[in-house]
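Notes to accompany the following structure.
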Amino acid sequence: ELLALFNAHTADKPSVNQRKHPRLVLGTVVSFSETEHSFFTGFSENISEGGLFIATYAMQPSLGEQFQLSFTLPNHTVIEVVGEVTWIREHSPNSPHISPGFGCKFTNLSPEDQVAINSTIEMAGALFMP
């Protein structure tokens with residue numbers, strides 16, 4: 001089941017110059033794989049037209065590593081896309097409320113999936129507007 005959270009006030013909200021695309025806090029299960037035999041599951045925290053953050057304890061990816069991602073938007077649209085790891089957040093015992101995981105940029109988002117993601121963000125309201 002999908003869980004969509006909308007919160008316009010976040011402590012670590014980025015500045016205007018750090019984001020290219022509006023983003024939305026979106027909690028949904030994300031399946032990702034390194035190879036056809038290794039599958040992992042994480043939970044998205046936010047999404048934009050450019051990519052998403054995957055919260056997971058399951059693995060430690062490397063910067064630049066690519067995964068096949070699959071997730072479902074609140075309108076039941078299934079998105080399947082390649083994501084490239086652009087940043088990593090490690091687990092910190094000093095900040096137990098902050099999830100470890102990694103940010104992925106979409107490398108082959110289809111125009112149809114781009115429209116579906118943008119429509120979801122517009123309908124729900126964006127966390128950040130450039």
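Because the structure is predicted, anything quoted here is derived from the model rather than measured.
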ask   = With under 30° as parallel and over 60° as perpendicular, where do the rings of F40 and F32 fit, or are they tilted in between?
value = parallel
key: side chain to side chain contact (heavy atoms under 4.5 Å, CB included) partners for V115, two or more places apart   = S119
message = So, taking the atom named CD in Q66 and the one named CD in Q68, what distance separates them when rounded to the nearest 0.5 Å?
response = 10.0 Å
task = May I ask you to test the F53-R89 pair for a side-chain heavy-atom distance under 4.5 Å?
result = yes
task = For S110 and D113, indicate whether the former's side chain and the latter's backbone hold a donor-acceptor pair under 3.5 Å.
result = yes
ask   = Can you name the closest pair of heavy atoms from T77 and A116 and give their distance?
value = CG2-CB, 4.0 Å
All side chain to side chain contact (heavy atoms under 4.5 Å, CB included) counterparts of E90, not counting sequence neighbours = Q60, I88
query = To the nearest 0.5 Å, how far apart are CG in L26 and CZ in F43?
reply = 8.0 Å
message = Which residues pass the ring-ring contact (aromatic ring centres under 6.0 Å, His included) test with F71, not counting sequence neighbours?
response = none
ask   = In Å and rounded to the nearest 0.5 Å, what is the CD1 to CD1 distance from I121 to I47?
value = 6.5 Å
Side-chain polar contacts of residues 92-100 - donor-acceptor pairs under 3.5 angstrom, sequence neighbours left out - could you list them?
from: S92; atom 1: OG; to: N94; atom 2: N; distance (Å): 3.3
from: S99; atom 1: OG; to: E45; atom 2: OE2; distance (Å): 2.9

request  = Flag yes if L63 and F106 sit in one hydrophobic cluster, no otherwise; membership is Ile, Leu, Val, Met, Phe, Trp, Tyr, and two members link when side-chain heavy atoms are under 4.5 Å apart.
outcome  = yes
Under 3.5 Å: donor-acceptor pair, side chain of S44, backbone of T28 = yes
query = Can you find a pair of side-chain heavy atoms, one from S70 and one from V78, that are under 4.5 Å apart?
reply = yes
query = Partners of T86 by side-chain hydrogen bond (donor to acceptor under 3.5 Å, both in side chains), sequence neighbours excluded?
reply = none
key: Close side-chain approach of I54 and L69, heavy atoms under 4.5 Å   = yes
Spacing of I79 atom CD1 and L109 atom CG [to the nearest 0.5 Å] = 6.5 Å
remark   = Residue set satisfying side-chain hydrogen bond (donor to acceptor under 3.5 Å, both in side chains) with Q114, at least two apart, ordered chain then number -> E49
remark   = Value for OG (S31) from CZ (F67), rounded to nearest 0.5 Å, stands at 13.0 Å
ask   = So, does N108 use its side chain to make a donor-acceptor pair with the main chain of V82 at under 3.5 Å?
value = yes
